[in-house]
Amino acid sequence: RKEVEQDPGPFNVPEGATVAFNCTYSNSASQSFFWYRQDCRKEPKLLMSVYSSGNEDGRFTAQLNRASQYISLLIRDSKLSDSATYLCVVNSGYSGAGSYQLTFGKGTKLSVIP
Amino acid sequence: DAGVIQSPRHEVTEMGQEVTLRCKPISGHDYLFWYRQTMMRGLELLIYFNNNVPIDDSGMPEDRFSAKMPNASFSTLKIQPSEPRDSAVYFCASSPTMAALDPQHFGDGTRLSIL
């Protein structure tokens with residue numbers, strides 16, 4: 001099983017639609033979770049952190065399910081500007097060797113269509 | 001505020017040549033990360049530094065890759081000799097701490113093409 005797995009998409013949705021992405025992770029000791037956004041030919045940028053109780057930022061809602069080891073991102077009222085690749089990121093903290101383990105998923109591509 | 005600065009933005013060179021990528025982290029950030037991104041493998045962590053000291057280089061693919069951080073404001077990633085399969089986008093990122101919810105700030109990346 002891959003460490004962090006995402007549906008690559010693409011998700012093609014009309015403006016105004018609601019779209020949801022899921023991401024599964026394999027390390028049950030993972031400590032923190034993020035969604036990053038990456039525009040075409042640009043660098044990844046933090047979209048939002050994912051808290052245990054779930055959190056919302058405007059049209060975006062992130063949720064964490066530790067029992068099933070997945071996180072989700074919900075985008076409501078999609079805008080053309082939401083078109084991007086969304087990367088799921090898992091921080092497994094420090095390993096026994098003292099190294100930091102941040103793992104990125106390969107991303108889910110979203111295209112919002114007029 | 002200046003973000004993470006990488007140079008060059010694009011590099012095209014022939015296989016066998018030495019390639020040096022450069023990064024200036026955000027001032028005050030104690031952690032610096034080098035990543036490689038390809039379509040096949042996604043974003044992979046190559047190495048990271050804490051206070052200029054390499055902590056984990058287990059992601060460095062081969063001995064042809066090396067990274068240094070001579071001071072808090074500069075790091076290099078070197079490939080010698082380069083091969084076509086090294087073609088990718090290389091990102092540098094920095095972070096102020098290793099706190100669980102601390103985001104990473106990425107540079108614009110270097111698009112490397114090895115012919």
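This one's a predicted model, so the numbers in the text were calculated from it and none came from an experiment. For the numbers below, each heavy atom of this structure counts, side chains included, while hydrogens, waters and symmetry mates do not. Naming: A, B, ... by sequence-line order, numbering from 1 per chain.
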Quick one: what part of B/Arg41 sits under 4.5 Å from any heavy atom of chain A, side chain, backbone, both or neither? backbone
Using a strict 4.0 Å threshold on nitrogen-to-oxygen distance, state whether A/Lys42 and B/Asp108 make a salt bridge. no
If hydrophobic clusters are built by linking Ile, Leu, Val, Met, Phe, Trp and Tyr wherever their side-chain heavy atoms come under 4.5 Å apart, do A/Trp35 and A/Phe60 end up in the same one? yes
Partner of A/Arg59 under side-chain hydrogen bond (donor to acceptor under 3.5 Å, both in side chains), picked from A/Thr18, A/Asp82, A/Asp77, is A/Asp82
Quick one: salt bridge (charged side-chain N to carboxylate O under 4.0 Å, His left out) partners of B/Glu62, sequence neighbours excluded? B/Arg64, B/Arg85
Which residue out of A/Arg41, A/Gln38, A/Lys45 racks up the most heavy-atom pairs below 4.5 Å with chain B? A/Arg41
Pick one of side chain, backbone, both or neither for B/Gln37, based on which atoms fall under 4.5 Å of a heavy atom in chain A. side chain
